[in-house]
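What you see is a predicted model, and the numbers here were worked out from it, not measured in a lab. Below, chain A is the first sequence line, B the second, and so on; all start at residue 1.
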2 protein chains.
Amino acid sequence: MAHTMHDVARRAGVSPATVSRVLSKNPYISAETTNRVLSAVKELHYHRNVHARRLAIGKSDLFGLVISEIANPFFSEIIRGFQSAAWDRGFDVLLLNTEYNPERTQSVVRKLIENDVRGVAVMTSSLDSDVIQTLTREGIAVVLSNLSAPDRLVSNITIDYGRGLSQAIEHIASLGHRRAAVIAGPPSNQTAANIATALVDGLKQRGLDPDPVTHSAYNVEAAAEAVKAIVSTKRTPTVIFCGSDLIAMGVMVALEQAGIDVPSEISVIGIDDIAFSYLVRPPLTTIRVPREDLGVTSFKALNKLLKQKRNRGDEYVIETELVIRKSTAAARTSLLRKKIEALKTGSKLQNL
Amino acid sequence: MAHTMHDVARRAGVSPATVSRVLSKNPYISAETTNRVLSAVKELHYHRNVHARRLAIGKSDLFGLVISEIANPFFSEIIRGFQSAAWDRGFDVLLLNTEYNPERTQSVVRKLIENDVRGVAVMTSSLDSDVIQTLTREGIAVVLSNLSAPDRLVSNITIDYGRGLSQAIEHIASLGHRRAAVIAGPPSNQTAANIATALVDGLKQRGLDPDPVTHSAYNVEAAAEAVKAIVSTKRTPTVIFCGSDLIAMGVMVALEQAGIDVPSEISVIGIDDIAFSYLVRPPLTTIRVPREDLGVTSFKALNKLLKQKRNRGDEYVIETELVIRKSTAAARTSLLRKKIEALKTGSKLQNL
DNA sequence: CTGAAAGCGCTTACAG
DNA sequence: CTGAAAGCGCTTACAG
């Protein structure tokens, strides 16, 4: 069995209270006592039991972070940002993923409450407003990124897609595109719907024809499926705006299979700027969402919320921006020439 | 303040002990009492405090999972497998990441002990054998994947790269390759070193010349750097074996920048088969490591270890296999023709 | 600067 | 089938 504070106390010849004080860095302890206690701790390989500690303190040192799924690289930097911010201030993070599953979502909420987290950043749309109320009723601070209004114990972070979208539309228009398709995220997702609306409005305003406007789940396979309907029409678009980078990647795969070249025949634009977006070919032009910043801001928002007496929520805004990526012309030309050569001479392009 | 079991008891007109029994699904409770308690729980929105519960039980319901970094997609499926296996059995997972940082690594170990986890799966090489001993001394079961021998409270999962490597070498040899470079993972990593050795031996045995044999950290940037030295020599290889898919992707980027075509001039082979490996172009041929299986097996191994009286560790083996990927010839040819056409006519390949 | 004691919110033999 | 009581391992006023 692991040792307890009592064991350490006996060994150091002090009371458990003193051991607790030393370990909590209470300043009113003599240097000598501190040393004796620390030696005993070391000798016994003593570690405090965090469950007992949390129970005694009456508050947990935990903050929750709710995401959809760990496998989605979109969340990676959010996690990193949130974690660092929390650790820097001596808090722990309880990372919970809903996997888009209602049952799991329920158990996520239960865990948040059972663990007595101080606050939670909800970075998925799987939690509806009922659930949010359940949390705030327990005194848990909540920060969301779904455009709901700030409230008691609830702050909101708005990701301002407007700027990035305008830049993207301007970019596309200036390249001479006329017909733009839109594959937004799932319609049940409020953010996705807002982005779709903003895109359609923006495109029209710039004299572009948004057609068709459709949607897809946030994954490669669904997107590949969604794009089929688009390319099978007679009047194909010259650019496809996608609701996320994963959707864009699915689109690129499907276009390739259909024998349609990106970007010479159809350009593709994503949203998020996930880490892999510069590794696909052609590299993905996308609207960057500063996700590490989003994570950090989320934590700070929670902290602020809890420090105020009235727990009044705030509104935060995070900006987006277009990231234009192209293959180096030189490199691509040189590669093409080689491939042309290879095709001509019929030389062994074994893996072609 | 949140309600306690006492509040529920009073409201239901029973003792706290009874509430506890109802909530723990103790069978010897009358249906009527159960209902009264459950109603009170519902009315008060009562949730058990997990810290008090864990303290009273004397054992936590936690299992630890230690990885290097969440952003690395290599770990995604491991997490998923481990989590599902744990949840299915009513346990919770404490996910800890070292970020390759010694300080963080120390605090990871501390957290494992403080949280009184029953067992921990260590999926990173950041924890040395000293640390493992620290854990087992506390009675924590450990499962590793680093080729150390099973021991008391320690099981080992060997990923058998042999099969996948043989298949890859055979594949490459049958395509007529003669000169193979190797960019292994970091030399400090035992697994990386073993893979490098196996590769060199296997290549020689098959009459291929492994040269040069070098290494890189497990990320895109480092790999891109590492490959420069290789292509700058006069005698460039026709295939590069990479210690991971991320390394392979870095290599592909760097080769492209150097104007070297993959795979017609140099073929690239990765290891892992991360989710994105089929999205890069050309799609990556790689050695698949069944990582979800690895996660599930890790959990089962811990469970088994804890159930035995003697806590004797076991040895597990996970197989790998080559995944050959090529672009559809038809699609690529058609795309090439279009690009050729575009180049000839000088038409606007704006983003080319 | 330090100790004795109460209390955090649960669980679980023990007794009935 | 149910309750009173002890105990899990800490922390922290309170007192000195």
Side-chain angles (χ1 to χ4, degrees), chain A residues 1-38 40-41 44-62 90 92 110 113-118 138-139, chain B residues 1-38 40-41 44-62 90 110-111 113-118 138-139:
Chain A
M1 221 37 228
H3 291 290
T4 72
M5 205 164 254
H6 190 85
D7 302 326
V8 176
R10 202 171 31 186
R11 180 163 197 123
V14 298
S15 74
T18 299
V19 176
S20 174
R21 292 197 182 95
V22 170
L23 262 23
S24 303
K25 305 210 197 309
N26 179 316
Y28 305 118
I29 301 282
S30 74
E32 204 236 313
T33 304
T34 300
N35 288 335
R36 280 224 309 287
V37 169
L38 259 22
V41 165
L44 296 179
H45 302 290
Y46 171 72
H47 289 267
R48 274 193 291 199
N49 178 313
V50 75
H51 307 119
R53 177 177 169 68
R54 286 175 181 156
L55 178 58
I57 300 218
K59 281 183 157 285
S60 89
D61 50 349
L62 290 173
D92 257 350
R110 188 170 40 70
I113 298 177
E114 286 183 351
N115 277 278
D116 194 25
V117 300
R118 296 197 184 187
E138 299 288 331
Chain B
M1 221 34 227
H3 291 290
T4 71
M5 206 164 254
H6 191 85
D7 302 326
V8 177
R10 202 170 31 187
R11 180 162 197 121
V14 298
S15 74
T18 298
V19 175
S20 174
R21 291 197 182 95
V22 169
L23 263 23
S24 303
K25 304 209 198 307
N26 178 317
Y28 305 117
I29 301 282
S30 74
E32 203 235 312
T33 304
T34 300
N35 287 335
R36 281 222 311 285
V37 169
L38 259 23
V41 164
L44 296 178
H45 302 290
Y46 172 71
H47 288 267
R48 274 193 291 200
N49 179 312
V50 76
H51 306 120
R53 177 177 169 66
R54 286 175 181 156
L55 178 58
I57 301 219
K59 280 183 156 287
S60 88
D61 50 349
L62 290 173
R110 188 168 42 68
K111 280 182 211 293
I113 299 177
E114 285 182 350
N115 277 278
D116 194 23
V117 300
R118 296 198 185 185
E138 299 287 332

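In this entry the distance linking CG of B/Asn115 with P of D/dG9 reads 15 Å, nearest Å. Between A/His3 atom NE2 and D/dC10 atom C1' the separation is 17 Å, expressed in whole Å. At whole-Å resolution of the value, NZ in B/Lys59 and P in D/dG9 are 13 Å apart. A/Asp61 places its CG atom 19 Å from the P atom of C/dC8, with the value rounded to the nearest Å. Atom CZ of A/Arg21 and atom P of C/dA4 are 11 Å apart (whole Å). If you measure from atom OH of B/Tyr28 to atom C1' of D/dT2, you get 14 Å, rounded to the nearest angstrom. In this entry the distance linking CD of B/Glu114 with P of D/dC10 reads 10 Å, nearest Å. Rounded to an integer number of Å, the gap from A/Asn35 CG to C/dT2 P is 11 Å.
With contacts defined as side-chain heavy-atom distances shorter than 4.5 Å, the pair B/Asn115/A/Asn49 does not qualify.
The residue among B/Ala31 and B/Ile57 whose nearest nucleotide of DNA chain D is located toward the 5' end is B/Ala31.
Residue pairs satisfying the side-chain hydrogen bond (donor to acceptor under 3.5 Å, both in side chains) criterion with at least one member in residues 15-24 of chain A, sequence neighbours excluded, are listed as follows: A/Ser15-A/Thr18, A/Ser24-A/Arg48. Sorted by first and then second residue, the salt bridge (charged side-chain N to carboxylate O under 4.0 Å, His left out) pairs involving residues 10-19 of chain A (not counting sequence neighbours) are A/Asp7-A/Arg10, A/Arg11-A/Glu43.
If you check residues 5-18 of chain B against DNA chain C, the residues with a heavy atom closer than 4.0 Å are B/Met5, B/Ala17, listed by number. Less than 4.0 Å separates DNA chain C from at least one heavy atom of each of the following residues of residues 45-56 of chain A: A/Leu55, A/Ala56.
Results of the salt bridge (Lys or Arg N to Asp or Glu O under 4.0 Å) test with A/Asp61 over A/Arg53, A/Arg118, A/Arg54 single out A/Arg54 as the only residue that passes.
Regarding contacts with the backbone of D/dT2, a side-chain N or O of B/Ser30 is found under 4.0 angstrom from either OP1 or OP2. Contact check, B/Thr33 against D/dT2: a side-chain N or O comes under 4.0 Å of OP1 or OP2. The side chain of B/Thr4 places no N or O atom within less than 4.0 Å of a non-bridging phosphate oxygen (OP1 or OP2) of C/dG9.
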Structure string for DNA chain D in dot-bracket form, Watson-Crick and G-U at under 3.5 Å, | interchain
|||.||||||||.|||
side-chain contact (heavy atoms from CB on, under 4.5 Å) between A/Val14 and A/Val19: does it pass, once the steps are laid out?
CA-CA 7 Å; A/Val14 298; A/Val19 176; 3.8 Å; yes
Take B/His45 and A/Ile113 through the test side-chain contact (heavy atoms from CB on, under 4.5 Å) and record every step on the way to the result.
CA-CA 10 Å; B/His45 302 290; A/Ile113 298 177; over 6 Å; no
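With C1' as the reference atom, D/dG16 and D/dT12 are 16 Å apart, rounded to whole Å.
Take B/Glu138 and apply the salt bridge (Lys or Arg N to Asp or Glu O under 4.0 Å) test, not counting sequence neighbours, and it matches no residue.
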